[in-house]
There are 2 protein chains.
Amino acid sequence: MTTQKKSFSISELAAEFGVTTRSIRFYEDQGLMKPERKGQTRIYYSHDKVRLKLILRGKRLGFSLAESRELFDLWDETPSGSERQLNKMLETLSAKQAQLEQQMQDIQMAKQELDNAEMRCRSALKELMQGKETGQGSAHNTADMLISSKEI
Amino acid sequence: MTTQKKSFSISELAAEFGVTTRSIRFYEDQGLMKPERKGQTRIYYSHDKVRLKLILRGKRLGFSLAESRELFDLWDETPSGSERQLNKMLETLSAKQAQLEQQMQDIQMAKQELDNAEMRCRSALKELMQGKETGQGSAHNTADMLISSKEI
DNA sequence: GCACGACTTTACGTTAACGTAAAGTTGGTT
DNA sequence: AACCAACTTTACGTTAACGTAAAGTCGTGC
């Protein structure tokens, strides 16, 4: 038999994936999972593990739970992958790619600004040292430090 | 006179910086600004503009309001930039740089995963087309699509 | 027949950065 | 006096993804 029907408790799942049972129940609450029940106890199988893995991956990719649920719903709607579904999926992936690109650019700009601030900071330190030698007090303030004079 | 003492209302400031008056009052509430008062009306000068500009820049850099406030407090503590202050500032900037580096890496990985998902998606589409020709139904599901088989 | 641990539901609390509504206070104009 | 726009304070609402009790239910072991 290649078919292993081993089942898992919610705690086992939580431990394996490094999340809390609260999170798993929350995902279910948001319609992302629908485990079997034995009485009132949740019982999970390997396909539930896949689901959870997908949810967590989605989070790493910057998908909200709602977005992930949309994708799941799209897929569950009809059991086999149709052309329309695949195209919608590609569309979603592409949109997310663009979003990540934007984030990258934002971060690049932020890094640039940080570099500038650091340079101004270092030059202020240098000037401070020279001021010590010559006994001249400098009049720096936050504005001088983080905003180049021509900006304002 | 190079000294322009022009003052501004909260609305003028809001319009100039593209934020709401609510935000400006909120920043004050959080201890990031301390404008003069004429009666109960707030009155802003150019140094307040600098402050607001710094706050907004901080946000772009990924600083929380609390973090920005810490920097301001550090600076206001004593009026002129001391060596200790400059070093603390450099330290903070460096930490933020590292944080941005980490974010970049996370995004890079996410982009990689998106690329993988897209590839699997395209190959599924291709297979779907071939299936149409040969009349063979394929048995794809979300798992096949977003998780490569060896991963689980 | 009871303690125990694992599971359950219900429901309020948390964080950040404001949005938004309500209601009151000015200053200036007609 | 009346009115209006712009300002003010107070305070509750919003979002996402859970955290954190509190209190109840279940099967098992002794």
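Just so it is clear: chains get the letters A, B, ... in the order the sequence lines come, proteins before strands, and each one is counted from 1. Note that the structure is a prediction, hence the values are computed from the model and not measured.
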Just do the side chain to side chain contact (heavy atoms under 4.5 Å, CB included) check on B/Met119 and B/Asp115 with the steps written out, would you?
CA-CA 6 Å; B/Met119 280 189 57; B/Asp115 281 339; 5.8 Å; no
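- Considering CD1 of A/Ile10 and CZ of A/Arg22, their distance stands at 10.0 Å, rounded to 0.5 Å.
- The closest side-chain heavy-atom distance from A/Phe17 to A/Ile24 is not below 4.5 Å.
- For DNA chain C, the outermost nucleotides in 5' to 3' order that have an atom under 4.0 Å from a heavy atom of chain A are C/dC7 to C/dA11.
- For the side-chain contact (heavy atoms from CB on, under 4.5 Å) with A/Phe63, the qualifying choice from A/Lys96, A/Arg57, A/Glu70 is A/Lys96, the only one to do so.
- Judged by closest nucleotide on DNA chain D, B/Arg37 is the one of A/Phe63 and B/Arg37 placed further toward the 5' end.
- For the contact set between residues 20-29 of chain B and DNA chain D, defined by any heavy atom under 4.0 Å, the members are B/Arg22, B/Arg25.
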Ignoring hydrogens and angles, write down the donor-acceptor pairs under 3.5 Å from the side chains of residues 29-39 of chain B, residues two or more places apart or on other chains.
from    : atom 1 : to      : atom 2 : distance (Å)
B/Arg37 : NH1    : B/Gln40 : O      : 2.9
B/Arg37 : NH2    : B/Glu28 : OE2    : 3.3

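- The main-chain N or O of B/Arg84 is never found under 3.5 Å from a side-chain atom of B/Asn87 such that the two would form a donor-acceptor pair.
- Bending across the helix from C/dG1-D/dC30 to C/dT30-D/dA1, expressed as the angle between its end axes from five pairs apiece, amounts to 40° (10° rounding).
- Side-chain contact between A/Leu65 and A/Arg69 is absent, with no heavy-atom pair separated by less than 4.5 Å.
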Run the numbers on B/Asp106 and B/Gln102 for side chain to side chain donor-acceptor pair (under 3.5 Å), then give the verdict.
CA-CA 6 Å; B/Asp106 291 346; B/Gln102 183 60 52; 3.1 Å; yes
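- With rounding to whole Å, B/Ile10 atom CD1 is found 14 Å from D/dA6 atom P.
- You'll find the side chain of B/Phe72 reaches within 4.5 Å of the side chain of B/Leu54, heavy atoms only.
- Partners of B/Glu101 under the side-chain contact (heavy atoms from CB on, under 4.5 Å) rule, at least two apart in sequence or in another chain, are A/Lys111.
- If you find the closest nucleotide of DNA chain C to A/Tyr44 and to B/Lys59, the one lying nearer the 5' end belongs to A/Tyr44.
- A donor-acceptor pair is defined here as one N or O able to donate and one able to accept, closer than 3.5 Å; no such pair exists between the side chain of B/Ser94 and the backbone of B/Leu90.
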Trace of the side chain to side chain contact (heavy atoms under 4.5 Å, CB included) decision for A/Leu56 with A/Leu52
CA-CA 6 Å; A/Leu56 299 178; A/Leu52 183 49; 4.2 Å; yes
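- Residues B/Val50 and B/Lys53 fail the side-chain proximity criterion, which asks for heavy atoms closer than 4.5 Å.
- Computed from coordinates, the B/Glu12 CD to D/dA6 P distance equals 11 Å when rounded to whole Å.
- Near DNA chain C, meaning a heavy atom under 4.0 Å from it, residues 95-107 of chain A has no residue at all.
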